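Let me begin by presenting the structure, written as structure tokens, before commenting on it.
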Number of protein chains: 2
Amino acid sequence: MQEEINDKLKNYFSEGMEVFLPHVSINVVVFAYDDFKLKVFLKNIPQLKSWLLPGGHVRRDENLEEAAYRNLSLFGVNNVFIRQIKSFGDVDRVSDIVPTDYKAEFAKSEFAKWATQRFISVVYYGLVRFRDVEPTTSDFFGESTWMDVNDLEPMVMDHAEIIHETKKLLINELLTHPVAFNLLPETFTLNDFRGLYEAILDRSIDRGTFRRKMLKQGLVEKVDLRKDVLGRPAHLYRFNKKVYYKSLEQEAKFGF
Amino acid sequence: MQEEINDKLKNYFSEGMEVFLPHVSINVVVFAYDDFKLKVFLKNIPQLKSWLLPGGHVRRDENLEEAAYRNLSLFGVNNVFIRQIKSFGDVDRVSDIVPTDYKAEFAKSEFAKWATQRFISVVYYGLVRFRDVEPTTSDFFGESTWMDVNDLEPMVMDHAEIIHETKKLLINELLTHPVAFNLLPETFTLNDFRGLYEAILDRSIDRGTFRRKMLKQGLVEKVDLRKDVLGRPAHLYRFNKKVYYKSLEQEAKFGF
DNA sequence: TCAAAAGTGTTTCAGCTACACCCATGA
DNA sequence: TCATGGGTGTAGCTGAAACACTTTTGA
């Protein structure tokens, strides 16, 4: 069992040294929205207690963005909207990445050296619909899970810092570009939408004000179906792609 | 002469393969403001007709930001405010970087291969005071110059695209954080300041509105000296560092 | 008919815009 | 005293915030 995992890792890395660029990796901070909370997608590797961001190496023949998509799909994350944030490359950021149990055997091997050398990680943020991702567990890739962004368990290396910085940048993104719709299902009520913003900004937003603002933008259009829950049923809306793409290009307003 | 340059390059690269990380480079898009125009600092390398961004490789023992500062100072750019933007790493972005005249001799050498392999460039923007930088010419590093950002000569590789994208990001920066003061001399009039914003945003801004907004922020404080030019002399102002650092941390406002 | 949640109307306030007017200086 | 630019006052518009009010449904 342990043998088998070791073999898999050995293959991965020995092949990796040919196929992948050294010193360069990608990571994606994948966000989703569920139960009025903002979640991050995390994984671990077997034998390693703390958590890490999904990501991996970059093939010599693929672009950075392609590497991000490819690695995410390994963890069952598809249909994801990604945007590059920045890169993290301090000299000493690779430290505890090799699981303790492996160290004894692997410490002297070529691929352990390769994997623990200095890496510049190009970081993306990702937005997915919560229901589109099913966290899984595998011998090789370990366990994956959603975690509340405000309540993270211990993270490997500088990943906690990366999440923290990325969240700050995401907030700015959401305030200037209406990328939020990548976090919502196909159709949604305006209250769902508002709840998302409240979760991200961590404050309440007036119902009427939010409603009027969104409708005025034309960003959202009525589908005219209704929900079957308690109280007066809400209209369902979906995003207007055209208005969305247009507003993606707009620059910020003047006013510090 | 040509021999000498070749030797220098040869040393640079042969040492470089030991000292520098492969596949990772940094570039900085350095902006300055002069004559009501936004300028970019560019260089060429001898024998190469088109222009490129200042930058270079990353030492194995230095952080990315340190590499940016070190490389800039090689070109006489000091006292510069920098911030990381993002990274550019498409597979085919390194293409025409080796000067044609060198190709014949160097094509088969180790360091030519090293230098023309795929590089992920971590890009920063930089802001300096125009008067603080004196473009120079040297045999090894070539010629450097300021160029109007709206009127660029042909650039090497993807550098034109990098400048273009960086400028867009810079505009957003300037609209949300008052980093502009890094482009102005120690003291300045409010009209200088306004001119800077007009140059960057490429539109006119009402004098009164701009004035009131800046003064209200408390970002700027009167030094009470005066200019000796035609017409009524203006007050000179300088930045209030405290208010500046505070506003750097603020997040954007709600309102798409 | 009542509770629950959706949706609307309206007042208030702050801030930006535009533009006119006044002020200080040197020639 | 006039040209040149610095500095101020203000009316009007826009849009956010707050909160009360109305509507629609299921039980």
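Since the model is a prediction, treat every value here as computed from it, not as a measurement. Worth knowing before you read on, the calculation uses all heavy atoms, side chains too, and leaves out hydrogens, waters and symmetry mates. By convention in this document, chain letters (A, B, ...) are assigned in the order of the sequence lines, proteins followed by strands, and residues within each chain are numbered from 1.
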Between [atom2] of [N] and [atom1] of [X], the distance in whole Å:
X	N	atom1	atom2	result
A:Phe210	C:dA5	CZ	P	18 Å
A:Phe188	C:dA6	CZ	P	14 Å
B:Asp192	D:dG7	CG	P	11 Å
A:Arg203	D:dA17	CZ	C1'	11 Å
B:Arg194	C:dA18	CZ	C1'	13 Å

Counting heavy atoms from C-beta on, name the nucleotide in [options] closest to the side chain of [X].
X	options	result
A:Arg232	D:dT24, D:dA16, C:dG9	D:dT24
B:Lys213	D:dT25, C:dC16, C:dT25	C:dC16
A:Asp206	C:dA4, C:dC16, D:dA18	D:dA18
A:His235	C:dT10, D:dG6, C:dG7	C:dG7

* Show your working on salt bridge (Lys or Arg N to Asp or Glu O under 4.0 Å) between B:Glu66 and B:Arg70 and close with a plain yes or no. => CA-CA 6 Å; B:Glu66 291 166 358; B:Arg70 180 178 53 74; over 6 Å; no
At under 4.0 Å, does any side-chain N or O of [X] touch on OP1 or OP2 of [N]?
X	N	result
B:Lys216	C:dC16	no
A:Arg211	C:dG7	yes
B:Asn191	D:dG6	yes

Centre-to-centre under 6.0 Å for B:Phe239 and B:Phe188, is that the case here?
yes
Notebook entry, point to check: Under 6.0 Å between the ring centres of B:Tyr244 and B:Phe181?
Noted result: yes
Heavy-atom nearest nucleotide on DNA chain C taken for A:Gly231 and for B:Arg207; more 5' hit belongs to A:Gly231
When the rotation axes relating C1' atoms of four end pairs to the next four are compared across the helix from C:dT1-D:dA27 to C:dA27-D:dT1, five pairs an end, they differ to 10° by 10°
Given the options B:Lys241, B:Lys242, B:Arg238, B:Glu221 meets salt bridge (charged side-chain N to carboxylate O under 4.0 Å, His left out) only with B:Arg238
Is NZ or CZ of A:Lys39 both nearer than 6.0 Å to the six-membered ring centre of A:Phe41 and within 45° of the ring axis?
no
Next on the checklist: Check the orientation of B:Phe210 and B:Phe193. Use parallel for under 30°, tilted for 30 to 60°, and perpendicular for over 60°.
Outcome noted: perpendicular
Exactly one candidate in A:Leu169, A:Thr166, A:Ile26 meets side-chain contact (heavy atoms from CB on, under 4.5 Å) with A:Val123; the answer is A:Thr166
Looking only at N and O atoms, is any donor in the side chain of B:Arg212 or the base of D:dG9 less than 3.5 Å from an acceptor on the other one? yes
